[in-house]
Number of protein chains: 4
Amino acid sequence: MDAKKGEHPRQSRRERRIERRRREILTAAAQVFAQKGYAHTTTKHLAEAADMAEGTLYNYFEGKREILLAILNEMYVPIDALLENARPLSTRDDFVRIVENGLEIFVSQLDFTRALLTEIWVDDVILNDLIIGRLQYIGQAIRGFIARRIEAGNFRPIDPEAATLMILGGFIALILPVLRGKHPTPTAEERHRLAQTAVDLLFDGLRVRENQ
Amino acid sequence: MDAKKGEHPRQSRRERRIERRRREILTAAAQVFAQKGYAHTTTKHLAEAADMAEGTLYNYFEGKREILLAILNEMYVPIDALLENARPLSTRDDFVRIVENGLEIFVSQLDFTRALLTEIWVDDVILNDLIIGRLQYIGQAIRGFIARRIEAGNFRPIDPEAATLMILGGFIALILPVLRGKHPTPTAEERHRLAQTAVDLLFDGLRVRENQ
Amino acid sequence: MDAKKGEHPRQSRRERRIERRRREILTAAAQVFAQKGYAHTTTKHLAEAADMAEGTLYNYFEGKREILLAILNEMYVPIDALLENARPLSTRDDFVRIVENGLEIFVSQLDFTRALLTEIWVDDVILNDLIIGRLQYIGQAIRGFIARRIEAGNFRPIDPEAATLMILGGFIALILPVLRGKHPTPTAEERHRLAQTAVDLLFDGLRVRENQ
Amino acid sequence: MDAKKGEHPRQSRRERRIERRRREILTAAAQVFAQKGYAHTTTKHLAEAADMAEGTLYNYFEGKREILLAILNEMYVPIDALLENARPLSTRDDFVRIVENGLEIFVSQLDFTRALLTEIWVDDVILNDLIIGRLQYIGQAIRGFIARRIEAGNFRPIDPEAATLMILGGFIALILPVLRGKHPTPTAEERHRLAQTAVDLLFDGLRVRENQ
DNA sequence: CATGAATGAGTCTTCATTCAT
DNA sequence: GATGAATGAAGACTCATTCAT
């Protein structure tokens, strides 16, 4: 129980094993939640998917709900990285790049995202954390970008609020069919093309410019 | 006990009472489903919300799930009417009008719509019926409109598939905050303004037209 | 409410109507009980079979169980008559006649008998009333008959107790397939033949008499 | 924890424990079913009788009905053994022996047999499986025996069908009072005497043989 | 740490009975 | 008397969590 041969290696190895186990559980759980929805998933399902006994789950998580919240946490890291990257967001290419990165994140975390879909609308912690915390942050970045561009005379004086919502909605709509498994997951090239189309549409609209 | 005055009124009164009661249950149920989500709502909750005994629910619906499906059906009528109206969809004003009507429908059915949000991802009948059935239909109308306009030289040759998705997503994004109760329900005027902004953005994009 | 034109005719007509209604209910109920068993029969089933509303049943009977007990009572009249008839029971023909009559009673009351079958084993009132009350009475008659015959030297000195049981059992076995609907209901002639065969078997056994 | 001594013991111990538990439940359930009848028995009753929580029952059986069916299966083993034994059935002693064995089986399985009595009339699976399947098989054996004996001139030319029914009925009648708890369970000696009396009655009838 | 049997509160649903019309 | 909607107690079954091994 006490130190032997230096504490680090031993503690560390144990911690690493625990961390590995937790991640195994989360990966498996995300798949099951994604397929059945949180409420319809039983701990038995989770245990089977993680290939362990039900009781073992409780050695790594406090309960079913905590597993879901841990999944939520897993998504923060790449999203925060994305936001960090997107901070400047000043040119059209910035926009393409951030949309592309966003698509990449969702694609690489499909199961985690899907897992949250059902409880998003119901669980206030998740809703506030994810939607309010992250999405609003993203929204602000976009709103700021638009406002600055309008001020600079590059963008038409459109209500930035509505525009932001539609941009986010458009982006979500692009991945929703994939999340629902109705579309195959797009390749890197497809993601690039999608991002360009999206930004193109947003910037220039559907209508033909008369004299260009 | 009194004169019969024709048989209709008597049958009719009973039928009307039943219909009224069903509607009462649906209205109450939609609110509860919207707040708690389908799976987290118990029949006890439903009974309390409808101010009746649990057993009474079963005089009007076969079970909890049938109540949800009945809510789903309630949404068909106005949506189908909207689609019928939107059939031509040829001018920009058509577009504004249909977006405006769509917003109106969702607003008038807020609770019903919210009620479906959670189970949409999990219940295949609902998913296929509602999303695939309706949304695809709407999508086709939009895709057709875009394709025709591109052919006519009015629209730029953008991928109609991606454009449709983004339009739908943008539209949904406009309502989502309202659905989640994060925005107050927009008034008729606000809906009109929103619809115009949305269509304006879609048609002309964010960027300033250089020579206009 | 009080007397008018003599009480009898009016009371009588009302009473007769009530009696008729009760009988209608019992007839219908016996069929349903017979098919589904008492416990699996709902008052809704009973009401439908009697072609009236559920509530109306309660104007004629205290509840579901009382309907079953009333069915039990219906069987007493013919059984008691049979027993009265069988009182002497001294010749072989008496035996044939009483078996024949017994078969006739069961056949004419098939549904009533079937209706009681499920609850016989469970309801102590029914068990004590019917089995103990009636069957034991019948058993005593048979036992007495056998004992007297043995004493008179007509019957071999077989244990009258066991013999009685086997006689009753044999009789029941003859009607059981009919009760279960596995045999068609026997005609009068078939009943006569069955009774003769049964008594013949009981009196003379299976074995060939060596010198007769 | 200790040496493995081969893998069997470990798997086996768990399996044996499960098997023991299942049997405990069945034994307890049979008693309750026998007393109250299947339909009037609640899972709460069953749990109490087996001295465990309601939920635990479901770790061993799929549901209430499966417990009943398992009880049904318990009865097959000895009955099938009896039938196998009785195959030849050619002498009078064979007959005595098989009746005696039959009595023994029923006595040793009193609760199991009682448990089935109520649902027999209502549950088609049970009815067809047990009654039709087993009883008809037994009936055929008896019919065949009688027919052969008649042909051989040992038995009088009595309708074998009716005779079989009465034999089965007589046998059942011998046990019914015991099943209902109205008689104490017969000892081995009493069973032997009963069997002899029964066969004696069947073979030689009640009447004194005039010249014997 | 791993296991999985045991637990019992909680769910959906049924149905005998009541009672206002 | 007849009706059938309303009731709510009771039933079969589920499942997150605990805990002895």
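Naming: A, B, ... by sequence-line order, numbering from 1 per chain. Quick caveat: nothing in here was measured; it's all calculated off a predicted structure.
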**Item:** side chain to side chain contact (heavy atoms under 4.5 Å, CB included) partner of D:Phe61, chosen from D:Leu68, D:Ile67, D:Leu69
**Value:**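 Output: one option passes, namely D:Ile67.
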**Asked** OP1 or OP2 of F:dG4 less than 4.0 angstrom from a side-chain nitrogen or oxygen of B:Arg17, does that happen here?
**Response**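 Answer no for this pair, as no side-chain N or O of B:Arg17 is under 4.0 Å from OP1 or OP2.
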**Request:** Output the residues of residues 26-46 of chain C in contact with DNA chain E, where contact means a heavy atom of the residue under 4.0 Å from an atom of the strand; sort by number or write none.
**Result:**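 The stretch gives C:Thr41, C:Thr42, C:Thr43 as the residues lying under 4.0 Å from the strand, ordered by number.
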**Prompt:** Between residues 64-73 of chain B and DNA chain E, which residues have a heavy-atom gap below 4.0 Å?
**Reply:**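 Going residue by residue through residues 64-73 of chain B, the ones with a heavy atom under 4.0 Å of DNA chain E turn out to be B:Lys64.
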**Asked** Can you find a heavy atom in the side chain of C:Arg23 that is under 4.5 Å from one in the side chain of C:Glu74?
**Response**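 A side-chain contact exists here, since the closest heavy-atom pair is under 4.5 Å.
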**Note, C:Arg17 side chain near C:Arg22 side chain (heavy atom, < 4.5 Å)** =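 C:Arg17 vs C:Arg22: side chains apart.
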**Non-neighbouring partners of D:Glu48 that pass side chain to side chain contact (heavy atoms under 4.5 Å, CB included), sequence neighbours left out** =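 Residues passing side chain to side chain contact (heavy atoms under 4.5 Å, CB included) with D:Glu48: D:Lys44.
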Give every donor-acceptor pair under 3.5 Å between a side-chain atom in residues 28-38 of chain B and any protein atom, sequence neighbours left out.
{"from": "B:Tyr38", "atom 1": "OH", "to": "B:Arg65", "atom 2": "N", "distance (Å)": "3.3"}

**Prompt:** Mind checking which nucleotides bracket the chain C contacts on DNA chain E, 5' to 3', with an atom under 4.0 Å from a heavy atom?
**Reply:**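 Endpoints of the contacted stretch of DNA chain E: E:dC15 to E:dT18.
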**Item:** Salt-bridge criterion met for A:Glu19 and A:Arg16 (N-O under 4.0 Å)
**Value:**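 The answer is no: the pair does not qualify as a salt bridge.
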**Message:** With nearest nucleotide decided by heavy atoms, which residue, D:Tyr60 or C:Glu54, maps closer to the 5′ end of DNA chain E?
**Reply:**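 Its nearest nucleotide lies further toward 5', so the answer is D:Tyr60.
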**Prompt:** How would DNA chain F look in dot-bracket form, 5' to 3', counting Watson-Crick and G-U wobble pairs with both distances under 3.5 Å and writing | for bases paired to another strand?
**Reply:** .||||||||||||||||||||
